[in-house]
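Worth saying up front: this structure is predicted, and the values here are computed from it rather than measured. Values below: every heavy atom of this structure, side chains too, minus hydrogens, waters and symmetry copies. Both counts, for ligands and for their atoms, begin at 1 and track the order of listing.
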Amino acid sequence: MRIFSGIQPTGRKHLGNYIGAITQYVAGQDRGEAIYCIVDLHAITVPYEPAALREAVYDTAATLLAAGLDPDRCIFFRQSDVAEHTGLTWLLSSVTAFGDLNRMTQFKDKSAAQRELVSAGLFFYPVLMAADVLVYRANDVPVGEDQRQHVELMRDIAERFNARFGDTLVVPEARIPEVGARIMDLQYPDRKMSTTGGSEQGTVLVLDEPAAITKKIRSAVTDSGSDVVRAPDKPGITNLIEILSVIRGSAPEEVEHEFDGGGYGAFKQAVADAVVEYLAPVRERYDGVRRDEDALEEIFERGAEKARTIASETLADVREAMGFGAVRPSQ
Ligand code: ATP
Ligand code: MG
């Protein structure tokens, strides 16, 4: 079992990322050969500052390490250090349908939010993401619900490649948690909590102080009722129920039952306390890890070396299948 996932560099990783992705990454280390990267090449598809990007890569790396990624038990690296990702991207473009890219909802949402340039990179992003996974021949891709469509696309790309050029790539599967795969913005519970598109007050950051977390959760937008139950017309309360049930590892029904008749105030306070306690270990470990940039660079270097060993082999096979270079002697 080979697992791959990527996460965008920003110091603003949030509770949705933590529940939907980061906890799965940590668990993946016990399930198989786990490969994780900070996808800095994806971060340039929207406006950004070069100096801030460099900082954000360290911030995100430190967050993941503080959350429990262990460079001795997984391959952890920075995407831009492994040139095979971009090398494979162009080759895969020949088996990617323009019409499929045109249907991606993330592109529609993110391009609509741009005030100046809508970059071609934002449109082409899913092909780079396909290359990220396919270059490792990974089987298993832990992601949140919002990435389902991109994983479907990479499966189509791999299948089309294999049909056209012979069996070369592994067709991966998305691993999406049953509860907590789509944590919503606390202020706009019809939108997912987001690194780049969310509201300040509606986004609980992994590194937020306890008082800030409590304030954000206590002021979460809910309906005018008082029943702690999940329902399509109660997206705010539904979101909080899901959050608490993931943290406790219990069914949402149990949470509903426990807070039945207690009102929203007590329920929100209980969610706030649980989230504070849940994120505290990461925040406590973070500073110590973040401070030592040399150590982070060393981790990246070791990770990139291991990643390259796998990625270069796939790329060589892909090139050969597509008719590039001399035929390699068979082993
Ligand atoms: P952006 O909104 O700018 O795309 P993001 O918050 O989605 O940023 P990413 O780095 O793109 O952050 O996502 C990292 C992982 O977190 C992905 O696997 C994604 O599916 C997951 N994820 C993102 N938002 C949520 C959410 N609200 N709930 C659960 N999982 C999420
Ligand atoms: Mg995203």
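E173 contributes no side-chain N or O that, together with a main-chain N or O of R155, makes up a donor-acceptor pair within less than 3.5 Å. A donor-acceptor pair under 3.5 Å is absent between the side-chain atoms of D59 and the main chain of T10, judged by distance alone. Side-chain atoms of E242 come within 3.5 Å of backbone N or O of G180 as a donor-acceptor pair.
Of the N or O atoms in G6, none lie within a sub-3.5 Å distance of an N or O in ligand 1. Polar contact check, I7 against ligand 1: no nitrogen or oxygen pair lies under 3.5 Å apart.
Between S194 and T203, the closest heavy-atom pair is O-CG2, 4.1 Å.
Of all the atoms in ligand 1, the ones that sit under 4.0 Å from a non-hydrogen atom of G144 are 18 (O), 19 (C), 20 (O), 21 (C), 30 (N). Within the listing of ligand 1, atoms 15 (C), 16 (O), 18 (O) sit less than 4.0 angstrom from a heavy atom of A21. Below 4.0 Å from some heavy atom of G20 lie the following atoms of ligand 1, by number and element: 29 (C), 30 (N). Atoms of ligand 1 found under 4.0 Å from any heavy atom of G180 (numbered from 1 in listed order, with element): 29 (C).
Of the protein's non-hydrogen atoms, the one nearest atom 4 (O) of ligand 1 is K110 NZ, 2.7 Å. Nearest protein heavy-atom neighbour of atom 3 (O) of ligand 1: T196 OG1, 2.4 Å. Scanning the protein heavy atoms around atom 5 (P) of ligand 1, the nearest turns out to be T195 OG1, 3.2 Å. When only non-hydrogen protein atoms are considered, atom 10 (O) of ligand 1 lies nearest to Q8 N, 2.9 Å. Nearest to atom 27 (N) of ligand 1 among the protein's heavy atoms is I183 O, 2.7 Å. The protein atom (non-hydrogen) at minimum distance from atom 24 (N) of ligand 1 is K192 NZ, 2.8 Å. Among protein heavy atoms, the minimum distance from atom 31 (C) of ligand 1 is reached at G16 O, 3.6 Å. With respect to atom 19 (C) of ligand 1, the closest heavy atom belonging to the protein is D146 OD1, 3.4 Å.
Within a 6.0 Å radius of CZ in R54, other residues, nucleotides and ligands contribute 12 heavy atoms or fewer. By the 6.0 Å contact criterion, CD on E159 is enclosed, its count of non-hydrogen atoms from other residues, nucleotides or ligands being greater than 12. Around CZ of R31, the count of heavy atoms belonging to other residues, nucleotides or ligands within 6.0 Å exceeds 12. When the shell of 6.0 Å around CD of E277 is examined, it contains 12 or fewer heavy atoms from other residues, nucleotides or ligands.
If you look at S194 next to ligand 1, the close heavy atoms, those under 4.0 Å, come from the backbone and the side chain alike. Contacts between H14 and ligand 1, counted as non-hydrogen atom pairs separated by less than 4.0 Å, involve the side chain only. At a heavy-atom cutoff of 4.0 Å, ligand 1 is contacted by the side chain of K13 but not by its backbone. Here A181 has backbone heavy atoms under 4.0 Å from ligand 1, and that is the only part of it that gets that close.
Aromatic ring pairs are classed by plane angle as parallel below 30°, tilted from 30° to 60° and perpendicular above 60°; the pair Y136 and F4 is parallel.
Proximity annotation for atom 16 (O) of ligand 1: of L15, I243, N17, T45, N17 comes nearest, heavy atoms only.
Using a non-hydrogen distance threshold of 4.0 Å, G197 does not register as a contact of ligand 1. Residue contacts with ligand 1 leave out S5, since none of its heavy atoms falls under 4.0 Å from the ligand.
For the 3.5 Å distance criterion, the side chains of Q147 and H150 qualify, holding a donor opposite an acceptor. There is a side-chain donor-acceptor pair under 3.5 Å between Q269 and R218.
Within the cation-pi definition used here (under 6.0 Å to the ring centroid, within 45° of the axis), R191 qualifies as a partner of Y188.
Results of the side-chain contact (heavy atoms from CB on, under 4.5 Å) test with Q79 over I7, V39, T86 single out V39 as the only residue that passes.
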